[in-house]
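Notes to accompany the following structure.
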Amino acid sequence: MTDLSRLRDVLRGAKRSGATPMLAPQTPSVDLEAFAAVLGGALEDGPSGPCPVVRWWCGGDAGDAPYGDQLGAASSTISAAGLRALCGSGHEGEPPWSDSDPRSGLLFFDLETTGLSGGSGTVAFVVGFGCFVGSRFHVWQFVLPSFATERRLLAAVTAAVSRAHTLVTFNGKSFDVPFMEMRWLYQRLETPLPALRHVDLLHPARRLWGPETGGLGGLEHRVLGFRRDDDVPGFEIPARYFDYLRSGNPRPLRGVLAHNQLDLVSLGVLTGMACDLVDRGALATGSARQSLGLGRLYARGGREAEALGCYERAVALTSGARRTSKVDAVAVRAEALYRLALACRRQRRHSDAARYWQTLIDLGRRPTGVFEREALRALAVHHEHRLKDPEGALTFARRAYTVEYTAGRRREVQRRLTRLERRLANETN
DNA sequence: GAGACTTGTCGTGATACAGA
DNA sequence: TCTGTATCACGACAAGTCTC
């Protein structure tokens, strides 16, 4: 059990027993109105008292528009089907997104915290939300003026998410959501998050735009063509908050709020682009790798036919790729052929599967990867049991034996070799 | 008809990566 | 620096089919 898990258990137990909160609410010693004003925000009433909130609009005719037309386009391409695909598995019941307005109840969510560890001394001092309103994007940020006002901020955040049904985050499954749940537990408050659907864009984005996304900033640069000027780097964010606590001057937090605003807008634009790809299908993809990634996204959502279409397009887009070609193109082609062959085998289309396995072998890659090893094994099975061709089966089994390196798999291939050699010896006698 | 085989699924462990 | 997630590789197992 990890330290964090133990702490969660202790807190849950204390909550059940009705223990008093560890941090009793205290009167903030800072001037809340002045704090909010320096950050460009205002005090807004919340369920447990006034809380500093900074509001910001972009797109349309108001405010800045860091992504220009891309923002308006993203607003119109968010779709119920796209969100369903991005959400993946693990959600029961009817999806909450309405086909007529899938953006309704959709909340983009991002935190700025005093550290990564999630321990009792680490808090979220900016809780940012974003949503599309027409073609514009609205960001509102709850800011923590002192540790003593955390319960007030959490109550305001609970009220904000109560009107939503879906959160969209980047890496939120690992960071933002568990972090906030921990804070609610710590303050003996009910967490509202388990009731919400959650789209964590990190994993679909890696499928659609490559595994080396380089985080949200990398995606902004590579996919949206946007580079931030004067952005506050992540590692500097906790230090800025601690400086504010020491000096009482909130001015350095403005950069942190701007960083959070851009994170939220980027999340909105990328979500729209991902939905657009899902809705338009294989033909909308710009590269073989993207076709492959979209296919995997469809496959996870049970959309097998569309997944097959994407794999076929990935194969078509890499039709000239051979061992001497760019490594990436050959690797993409190999994986697309592997997934096509597996899908055909599941559908009992064995001759189609064999064709894809054979094309995979013909790529000429050294058969040390899982795709090639599986292809050799599958072709040995196909020749032995369906084509009734023990000599062909023996050829593939011998090649398979040379590339299998685990004891179990080698034993399996050895059994096949022994059987085939015995059968061929019987036939010649 | 018993045992071998194929196929698909599930669980586990290792690894990479993202967040401030 | 820590943690959760996804992915991959692997082994174990169950169900159905095939072979001798």
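Keep in mind it's a predicted model, so treat the numbers as computed, not measured. Below, chain A is the first sequence line, B the second, and so on; all start at residue 1.
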message = Can you see if the side chain of A:Arg296 gets near the phosphate of C:dA6 - specifically, an N or O under 4.0 Å from OP1 or OP2?
response = no

request  = Round to the nearest Å and state the distance from A:Arg240 atom CZ to B:dA20 atom C1'.
outcome  = 13 Å

query = With respect to A:Phe137, which candidate in A:Trp56, A:Phe108, A:Trp57 satisfies the ring-ring contact (aromatic ring centres under 6.0 Å, His included) definition?
reply = A:Phe108

ask   = Between B:dA20 atom P and A:Asp231 atom CG, what is the distance in whole Å?
value = 10 Å

task = To the nearest Å, give me how far apart CZ (A:Phe175) and C1' (C:dT1) are.
result = 12 Å

ask   = Between A:Met182 (CE) and C:dC2 (P), how many Å, whole number?
value = 16 Å

request  = State which residues pass salt bridge (Lys or Arg N to Asp or Glu O under 4.0 Å) with A:Arg207; sequence neighbours excluded, sorted by chain then number.
outcome  = none

task = Pick base, sugar-phosphate or nothing for A:Asn260, based on heavy-atom distances below 4.0 Å to the nucleic acid.
result = nothing

task = In whole angstrom, give the distance that lies between atom CG of A:Asp263 and atom C1' of B:dA18.
result = 12 Å

query = Base, sugar-phosphate, or nothing: which does A:Asp110 touch, judged by heavy atoms less than 4.0 Å apart?
reply = sugar-phosphate

All N/O pairs under 3.5 Å across the protein-nucleotides 7-16 of chain B interface:
residue : atom : partner  : partner atom : Å
B:dT7   : OP1  : A:Arg386 : NH1          : 3.2
B:dT7   : OP1  : A:Arg386 : NH2          : 2.4
B:dG8   : OP1  : A:Arg345 : O            : 3.2
B:dG8   : OP1  : A:Arg346 : N            : 3.3
B:dG8   : OP2  : A:Arg345 : NE           : 3.1

key: Side-chain heavy-atom pair A:Thr285, A:Cys310 within 4.5 angstrom cut-off   = no

request  = Give the rounded distance in Å between these two atoms: CG of A:Asn171 and C1' of C:dA6.
outcome  = 11 Å

key: Distance in angstrom units between A:Leu202 CG and B:dG19 P, rounded   = 7 Å

For A:Leu144, the option from A:Leu153, A:Thr113, A:Val126, A:Leu154 that meets side-chain contact (heavy atoms from CB on, under 4.5 Å) = A:Leu153

ask   = Taking only residues at least two apart or on different chains, which pairs with a member in residues 251-279 of chain A satisfy salt bridge (charged side-chain N to carboxylate O under 4.0 Å, His left out)?
value = A:Arg228-A:Asp263, A:Asp276-A:Arg280

key: Donor + acceptor pair across side chains of A:Ser75, A:Arg103 (<3.5 Å)   = yes

message = Please tell me whether A:Phe371 and A:Tyr356 form a close aromatic pair, meaning their ring centres lie under 6.0 Å apart.
response = no

query = Can you give the dot-bracket line for DNA chain C, where a pair is Watson-Crick or G-U wobble with both atom distances under 3.5 Å, crossing pairs use [ ], and | marks a partner on another strand?
reply = .|||||||||||||||||||

inquiry  = Does either side chain, that of A:His198 or that of A:Thr169, offer a donor lying less than 3.5 Å from an acceptor on the other one?
reply    = yes

request  = Let me know the distance between CZ of A:Phe170 and C1' of C:dA6, rounded to the nearest Å.
outcome  = 13 Å

Contacts under 3.5 Å, N or O only, protein and nucleotides 15-20 of chain C:
residue : atom : partner  : partner atom : Å
C:dT19  : OP1  : A:Lys388 : NZ           : 2.6

remark   = salt bridge (Lys or Arg N to Asp or Glu O under 4.0 Å) filter on A:Glu335, not counting sequence neighbours, yields A:Arg296, A:Arg339

inquiry  = With a 4.5 Å cut-off on side-chain heavy atoms, are A:Val30 and A:Tyr244 touching?
reply    = yes

query = Just wondering, do A:His383 and A:Phe396 contact through their side chains at under 4.5 Å, heavy atoms?
reply = yes

query = What nucleotide, of C:dC10, C:dA6, B:dA20, holds the atom closest to the side chain of A:Glu112?
reply = B:dA20

ask   = Taking OP1 and OP2 of C:dT7, is either one under 4.0 Å from a side-chain nitrogen or oxygen of A:Arg339?
value = no

key: Side-chain heavy-atom pair A:Phe109, A:Leu196 within 4.5 angstrom cut-off   = no

task = Choose from C:dC10, B:dT6, C:dA6 the nucleotide whose nearest atom is closest to any side-chain atom of A:Glu384.
result = B:dT6

